[in-house]
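None of the values given here were measured: they were computed from a predicted structure.
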Amino acid sequence: MSIKYRLLKNQIKSSKNYGKYYAHTVKAGEVSLEEIERMVEQSCSAKASDVRMVVKELFDSIRHYMQAGYVVKLGDLGRFYISVKSVCVDDPKAFRVDKHLSGFKCNYTPSGHRYKPGNGDLAHRMHRDLLDGCKAEEATY
């Protein structure tokens, strides 16, 4: 399987890349929790109902720890944490949560590791485990 892409022309006149083409991902669709449950059920001895129960408890536990300020590390899947969004103020004494805190954001960082120096262009970049084996091909539709 491959990630599909199509070429689109940059239409943003103020962009330095105006008129040039770039690859844009074509989504294959969505996969529901039920479909994941069935796939797991076929892969191991757990029933779909067991998978659903574990996913719900996992969600509740992740939410609990994230809302308590923890970074939740889920092994090869990666890390989840909450950050705050706020308006800038000139004086820290003037900051008020009800006025300047504008919301929260859920952050996800897939697991990975940095390439070591000496790997040419890859030096110090991140290798993301979820991308292992990923291939791309141009969509034909």
All N/O donor-acceptor pairs, side-chain side in residues 12-29, below 3.5 Å, sequence neighbours left out:
unit_1	atom_1	unit_2	atom_2	d
S15	OG	N10	ND2	3.2
S15	OG	N17	N	3.0

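In plain terms, the two heavy atoms of F95 and V87 that are nearest each other are CE1-O, 4.2 Å. Pairing each heavy atom of I82 with each of N107, the nearest pair is C-ND2, 4.0 Å. Across all their heavy atoms, A94 and H100 have their closest contact at O-CE1, 3.3 Å. Taking both residues in full, the closest heavy atoms of R79 and K73 are given as NH2-CD, 3.6 Å, listed atom of the first, atom of the second, then distance.
Salt-bridge check for K4 with E137: passed, with a basic side-chain N closer than 4.0 Å to an acidic carboxylate O. Salt-bridge formation is detected for the pair R52/E34: a Lys NZ or Arg NE/NH1/NH2 atom is positioned less than 4.0 Å from an Asp or Glu carboxylate oxygen. The pair R96-D98 meets the salt-bridge criterion, since a charged nitrogen lies less than 4.0 angstrom from a carboxylate oxygen.
By the 4.5 Å heavy-atom criterion applied to side chains, E57 and V54 are not counted as neighbours. Within the 4.5 Å cutoff, the side chain of V55 has no heavy atoms near those of the I36 side chain.
For residues 60-89, the set of pairs meeting the ring-ring contact (aromatic ring centres under 6.0 Å, His included) definition, not counting sequence neighbours, comprises Y65-Y70, F80-Y108. Annotation: side-chain hydrogen bond (donor to acceptor under 3.5 Å, both in side chains) contacts involving residues 127-136, sequence neighbours excluded, comprise S111-D129, Y115-H127, H127-D132.
Here the straight-line distance linking atom CG of L77 with atom CG of L130 works out to 6.0 Å at 0.5 Å rounding.
A donor-acceptor pair is defined here as one N or O able to donate and one able to accept, closer than 3.5 Å; such a pair exists between the side chain of E35 and the backbone of S32.
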